[in-house]
**Student:** 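So that we are looking at the same thing, I have put the structure below in structure tokens.
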Amino acid sequence: MQVFKFGGASVSSASSIKNAAGIIRMFSGPKVIVISAMGKTTNALEDVVRAYFKGDSSMWDHLATIRKYHDDIMLHLSAGNEVNWSNVETLFSTLEERMKTTPSMNFDYEYDQVVSYGELISTAIISSFYQSIGLENKWIDIRKSLITDDMYREANINWEISEKKISATFDLSQNQLFITQGFLGGTTTSHTTTLGREGSDYTAAILGNMLSAQDVTIWKNVPGVLNADPDFFSSTQKLDELSYREAIELSYSGARVIHPKTIKPLQNKHIPLLVKSFEEPDQPGTIIHEVDHPLNLVPVFIIKQKQALITLSQEDYSFISIHTISEVFALFAKYRLKVGLIQQSALDLSLAFDEPEQGVEELIAELRKRFDARYNTGLDLVTIRFYNQDAINEITKGRQVYIEQKTRRTARLLLK
């Protein structure tokens, strides 16, 4: 059994959805297909939920744009095919009815309830169309099988309950092709949760683990894992293979090609992860697996944008102690902030982290009760694995360097 994951770019149009059907047919045997929201729908639904939470009527304009985008895709898919779209209509109606209610006071909760419709609608469209062209499949609402806690926007899997439900739901003796949503889960009280942005990769890995898949394949618009993001670098090289360990290092540092939590469930059962191009499905792509030989890799560049840097000092010139650091991290945990880089001197503690959606002013106000706090926003955190001096010179040319750290294999730089 194989697990395939198709991201938003690979199902962003009627032609790409047909292309995905061709890829599925290329491979024999039972398959579970994990699908993301189409195109940039998640971003668009984020605009909807922000407006909804603030009571801003612009949410209806955002929702109308999303509806038209999906209607156009369904119109093109219907040409020459008789497709039953009733389940799609039900999902849109349910979402619209929710928009008429008053939101709770918990933004993260509302985010998961609304943004989840991107995956639900995309899988409903694709499942219905594939049925119409003879690609028999069963549509699964993953929220009923992948059970999580209630940490909205970054839920944790209840492995014991989920494994039992997944095994019962994905019954390969009854069906050979399943279509389900990435990114989503559900609580024991039937509330929708999400697994973190770009979490569909993680869903595919979880299903691969629980169903003991032969392998898991992520289909993307790149030929495999590249040594740099082509959005930032004009010249890139494909990495033919990576170890599980190296893939974890890259994803943790912010490599967008793989969600950071993807590797562990696969490594636990020694399941290979393939990253392949949906434009050239017959090409080998990149394989991530157990590696028993040294990897001689070119420098690999990872850029995380929208970083904030806070430098804290104690006003009485006291040393930065382990107790000081513990106090600061407790505060960061309270605000659910992800720290990517730390630097300490005798009197200063600097932390770089993902800039929160609501800004850093509330955090700074709380920190200034105890510390002298200086901060910058709009920075880039650049990680270079297998760095050399030429690679560092290339990335820092013409830029201000706030922090530079080096280990044997990794250089990390915070830049403006």
**Student:** Report yes if some heavy atom in the side chain of F371 is under 4.5 Å from a heavy atom in the side chain of V328; otherwise report no.
**Tutor:** yes

**Student:** What I want to find out is whether E154 reaches R197 closely enough, with some N-O distance under 4.0 Å, to be called a salt bridge.
**Tutor:** no

**Student:** Looking at residues at least two apart in the chain, or sitting in another chain, which of them share a ring-ring contact (aromatic ring centres under 6.0 Å, His included) with F53?
**Tutor:** F107

**Student:** Looking at E110 and R98, is any side-chain nitrogen of the basic one under 4.0 Å from a carboxylate oxygen of the acidic one?
**Tutor:** yes

**Student:** Which label fits F6 and F4: parallel for a plane angle under 30°, tilted from 30 to 60°, or perpendicular past 60°?
**Tutor:** perpendicular

**Student:** Are the charged groups of D380 and R399 less than 4.0 angstrom apart, N to O?
**Tutor:** yes

**Student:** NZ of K304 to CD1 of I302: how many Å apart, nearest 0.5 Å?
**Tutor:** 10.0 Å

**Student:** Between E404 and K406, does any NZ, NE, NH1 or NH2 come within less than 4.0 Å of an OD or OE carboxylate oxygen?
**Tutor:** yes

**Student:** Whether the Q113 and Y152 side chains hold a donor-acceptor pair (N or O, under 3.5 Å, no angle test) is what I'd like checked.
**Tutor:** no

**Student:** Is R409 positioned over the aromatic face of F386, cation under 6.0 angstrom from the ring centre and no more than 45 degrees off axis?
**Tutor:** no

**Student:** Short question: side chain of N137, backbone of S127 - any donor-acceptor pair under 3.5 Å?
**Tutor:** yes

**Student:** Taking the six-membered ring for Trp and the single ring otherwise, decide whether the centroids of Y244 and H289 are under 6.0 Å apart.
**Tutor:** no

**Student:** Would you sort out whether L95 and V114 count as a side chain to side chain contact (heavy atoms under 4.5 Å, CB included), showing the intermediate values?
**Tutor:** CA-CA 7 Å; L95 175 58; V114 173; 4.2 Å; yes

**Student:** Only counting residues at least two apart or in another chain, list the ones meeting salt bridge (charged side-chain N to carboxylate O under 4.0 Å, His left out) with D112.
**Tutor:** none

**Student:** For the pair T203 and S200, evaluate side-chain hydrogen bond (donor to acceptor under 3.5 Å, both in side chains) and give the outcome as yes or no after the intermediate values.
**Tutor:** CA-CA 5 Å; T203 305; S200 294; 5.4 Å; no

**Student:** Is a donor from one side chain sitting under 3.5 angstrom from an acceptor on the other, for K269 and S212?
**Tutor:** yes

